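Note that the coordinates shown come from a computational prediction; the quantities given were computed from them, not determined experimentally. Atoms within each ligand, like the ligands themselves, are counted from 1 in listed order.
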Amino acid sequence: MTTIGNYKLIKKIGTGGFSKVMLAEEVSTGQKVALKLMKNSDTRQGIHRKNLFESEVAVLKELDSENILKLKDSDVSAPVTNTLGKVVDLSYIALEYAQNGELFDYVANGEKFSERTTRFFFHQIVDTLKYMHSKGYSHRDIKPENILFGSDFTLKFADFGFSTKKDICSQRRGTFGYMAPEVLANEAHDPKKADIFSAAVILFIMTTKHCPFIKADPNDKYYKLLIKGDIEQFWTLHENSNGESKQFSEDFKDLMTGMLSFDPSERFSLEDIQNHSWYNGPVAKKE
Ligand code: ADP
Ligand code: MG
Ligand code: MG
């Protein structure tokens with residue numbers, strides 16, 4: 001069995017755009033960890049993995065929350081011999097293992113969360129963004145693949161490679177489909193406001209199992225209505241999409257609309273969200 005540093009690899013548990021993640025056991029303690037592995041030699045989209053790694057470790061060191069994966073250990077250079085006998089230089093980040101996997105898998109498998117459970121998860125997303133923002137950080141890539149569940153379905157933010165302390169960013173970072181329009185448009189933007197747009201997309205997906213738009217593209221019928229600010233038509237289309245008629249409550253639509261505002265200066269703040277009537281409805285843990 002392959003060993004990296006003080007860790008025995010057990011099985012692959014994830015892949016991201018920039019890494020492979022393995023379940024591993026710390027030899028000295030027997031404790032399970034998630035080992036996020038990156039090849040130091042690789043570059044992609046002009047982004048050096050080594051920079052991503054260093055930046056992610058630095059961010060994790062400053063954050064301490066029940067809803068953020070805990071950093072256990074890291075190494076910037078761990079040589080490993082691959083199956084072809086070639087030595088590969090890896091960086092690894094040993095993280096608290098989130099045993100219940102990605103939010104993505106639950107929504108992709110069509111699992112219906114009750115409104116109360118959705119709200120319970122959404123509270124944790126908002127609380128965690130509030131905590132990160134209070135520490136000066138934006139996340140910049142929240143999406144169901146980067147939101148994990150620990151034991152008891154405690155929500156855990158993962159993947160801090162793009163997180164920054166900058167108040168204004170000019171580089172486009174994140175994932176299409178979750179990116180705020182000002183990020184997509186390559187404008188100088190406030191990344192904390194962009195996080196709120198991404199959180200809205202996640203709330204929409206948890207509630208409907210669909211994306212609020214098919215493509216973040218001015219020709220997309222939903223996106224077009226958001227750009228125009230024709231919110232009524234946006235909701236009418238969604239309520240009659242996929243051959244079924246659905247009803248969203250007025251307070252849900254109002255919260256969503258405020259968070260999905262195309263104009264970042266009009267977009268709801270985290271405080272607006274926390275004061276909203278939908279937010280303050282009943283919660284229930286996931287069964
Ligand atoms: P990338 O930056 O390459 O996207 P991530 O940090 O998002 O890498 O990790 C990729 C995937 O690996 C995640 O989407 C998740 O499925 C899995 N993963 C990452 N960290 C953990 C963890 N601590 N526990 C369980 N699974 C994890
Ligand atoms: Mg990721
Ligand atoms: Mg990443």
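F149 is not listed as a side-chain neighbour of K156, based on a closest heavy-atom distance of 4.5 Å or more.
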Evaluate K130 against E271 for salt bridge (charged side-chain N to carboxylate O under 4.0 Å, His left out), listing each step before the verdict.
CA-CA 9 Å; K130 209 160 183 198; E271 290 70 29; 3.6 Å; yes
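We find that D152 and K285 are joined by a salt bridge, their nearest charged nitrogen and carboxylate oxygen being less than 4.0 Å apart.
A distance below 6.0 Å separates the ring centres of Y223 and F213. You'll find the ring centres of Y137 and F162 outside the 6.0 Å limit.
Look at N146 and the Mg ion (ligand 2): an N/O/S atom of the residue is under 2.8 Å from the metal. Coordination check, E145 versus the Mg ion (ligand 2): failed, since every N/O/S atom of the residue sits at 2.8 Å or beyond.
Taking the six-membered ring where the residue is Trp, F252 and F204 present tilted rings, their angle falling between 30° and 60°.
As for D159, its N/O/S atom nearest the Mg ion (ligand 2) is the one called OD2.
Follow the hydrophobic side-chain contacts under 4.5 Å out from L237 and you reach V201 in the same cluster.
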Between the protein and ligand 1, which nitrogen or oxygen pairs come in under 3.5 Å, and how far apart is each?
residue	atom	partner	partner atom	Å
ligand 1	2 (O)	K36	NZ	2.9
ligand 1	2 (O)	D159	OD1	2.8
ligand 1	2 (O)	D159	OD2	3.0
ligand 1	3 (O)	G17	N	3.3
ligand 1	3 (O)	F18	N	3.0
ligand 1	3 (O)	S19	N	3.1
ligand 1	3 (O)	S19	OG	2.7
ligand 1	4 (O)	D159	OD2	2.9
ligand 1	6 (O)	K36	NZ	2.7
ligand 1	7 (O)	N146	OD1	2.9
ligand 1	7 (O)	D159	OD2	3.0
ligand 1	8 (O)	S19	OG	3.0
ligand 1	8 (O)	K36	NZ	3.2
ligand 1	14 (O)	E102	OE2	2.9
ligand 1	14 (O)	E145	O	2.7
ligand 1	16 (O)	E102	OE2	2.3
ligand 1	23 (N)	E96	O	2.7
ligand 1	24 (N)	A98	N	2.9

